[in-house]
Each structure stands twice: as C-alpha cells, then as structure tokens.
Amino acid sequence: MRTPIIAGNWKMFKTVAEAKALAGEVRQAVANIDQVEVVLCPPFTALTAVKEVIDGSKVGLGAQNMYWENQGAFTGEISPLMLAGLCNYVIIGHSERRQFFGETDETVNKKVKAALAHQLLPIVCVGENLAQYEAGETVAFVGSQVKGAFAGLSAEEAAKIVVAYEPIWAIGTGKNAEAAGANNIIASSIRGTLTALYNESVAQKVRVQYGGSVKPDNIEGFMAQPDIDGALVGGASLKADSFAVLIKGALVKFKS
Ligand code: PGA
C-alpha cells in the first residue's frame, strides 16, 4: 500500500515564533502515529526554525515554492540548492501561484526537474477552476496539467512525485469536493494520464492527495477512497488540534 501523506500548507501565515509553537504542538500530537507521513510546509522564513523543532521526529518539512535555477540574479527567489538538505519536500504549482504569480505548466515542469535533481520531492498541485468544473472540462484539463508537469521525466523519477488534486473552487471556500467524485477524477485524469505516459505500475506508485477544504469532519471520507493517499491542507493545518485529527483520519486506510 502507498504510505498515506498529510501535508500542512501554511501559506502566508505564521511568524517564526508562531511557526515554532505550532510545529512543537504537531510533533507532540503525532508522536505515536507511525503509519502516516506528516509534512509541514511553513513560509520560507520559518523553515530553519521549524526544522529545529521537528528534528529527531518523523515529521517532515516542505517548502511552498522555489525557483528552478541554482543561483543567480533573481531577486526574491529561493533556489533548490538552498532548500536541499533543509527540506524533504517542495510544493510546486499551487493554484495560488498559478493564479497570482503567473506559473504555467512549463515553469512547473522546470521546477519539478530542478527539485528532483536536488533530492527534493515535489508535491505537484493540479486542479480545475469553477468554470471548467461546471463546463465538464475537469478530466481533460487536469490530465493536461499532469502531462505538463511530468514532461521529460523518467519512470523512476515520476514514481517519486506526490500529486495534489485541488479543485480551485474548493480551496479555502468550505466547499469541498465530494469524496467519490474526487476519487474518480484522480483515477481517470491523474492515474489514467500516468498510465498513458508511463505504465500502470508508475501510475499506482504515485501518491495522490486531495486538497480543498479538508476538515476534521470530512477527512475520513476522502481517506477511505482507494485512489486518495492523503491530503494537502491549508486552513485546518494552522491549528495543531484540527491538523492532528486529520492525521489520525488517515488511519482509516488501515482499518479493514
Ligand atoms: P484549504 O487549502 O485546505 O484551506 O482549502 C488547501 C490548499 O490550498 O492547499
């Protein structure tokens, strides 16, 4: 079975002091949970501080973005070289980056390749907007985003990637997708596309998270779906108690 993975995307929230406090609470709350991979994605400014707090625990660390060049005159950007050794994961192509900061499938692909070259595991975000959803374009659109993100990757590289399916209309809105419906989209547009690009074995190795208004009261429904391996969580990851409930919710995978 694919190891469930619950990641907290703290977005542009938490000062360094707040991030340290939250990371400490999460570390404590999940100390006895071995079967679920937990990843915290604080802002860049808090990565080092959070790393110190979670050091020696199984809690992993992710960045929320990065540029693809190793170094250079790119004011305000952070490179894979700077994240390597600090983080295990990096979120790439979050819909907010695509929407507000001009990221495209091409830049996502460059970032994915740069991350893998530095042993950073990409969490690649895909997902349709409301108009595409209502027009029935979801499967084709998400499939095209997957193709763009994985372009030029070997099967071995592809299998390491985590994909987060996040319908844009569900992010931060309290309007989560219906679990079985999200599972069908993941099966067809993500695993189906990966089967076409590579083979069934790669498609079955890639871990796929659902994201978009995941909350303590709906996590088990998502995690009970066969093609959903975890969650990328914004709002509900900002408090240790609700985030801990989500992580425990992933244990539904191990109930027969
Ligand atoms: P949300 O955000 O859980 O607050 O909807 C999810 C995300 O943007 O990754």
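Remember, it's 1-based here, ligands and their atoms both numbered in the order they're listed.
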Task: Short side-chain donor-acceptor distance under 3.5 Å, Glu156 and Ser154 - done: no

Open item on the list: Which residues pass the ring-ring contact (aromatic ring centres under 6.0 Å, His included) test with Tyr133, not counting sequence neighbours?
Closed with: Trp169

- [ ] Check salt bridge (charged side-chain N to carboxylate O under 4.0 Å, His left out) between Arg27 and all other residues, then give those that pass, not counting sequence neighbours.
- [x] none

Task: Under the side chain to side chain contact (heavy atoms under 4.5 Å, CB included) test, residues paired with Ala19 that sit two or more places apart - done: Trp10, Lys14, Ala46, Val50

Open item on the list: In terms of relative ring orientation, are Tyr210 and Phe222 parallel, tilted or perpendicular, with 30° and 60° separating the classes?
Closed with: parallel

- [ ] Apply side-chain contact (heavy atoms from CB on, under 4.5 Å) to Arg98 and Val126, showing your working.
- [x] CA-CA 10 Å; Arg98 295 181 192 250; Val126 296; 4.2 Å; yes

For ligand 1, which of its N or O atoms have a protein N or O partner closer than 3.5 Å, and how long is each gap?
residue	atom	partner	partner atom	Å
ligand 1	2 (O)	Lys11	NZ	3.3
ligand 1	2 (O)	Gly234	N	3.4
ligand 1	3 (O)	Gly234	N	2.8
ligand 1	4 (O)	Gly235	N	2.8
ligand 1	5 (O)	Gly172	N	2.7
ligand 1	5 (O)	Ser213	N	2.7
ligand 1	8 (O)	Lys11	NZ	2.7
ligand 1	8 (O)	His94	NE2	2.7
ligand 1	9 (O)	His94	NE2	3.2
ligand 1	9 (O)	Glu166	OE1	3.3
ligand 1	9 (O)	Glu166	OE2	2.6

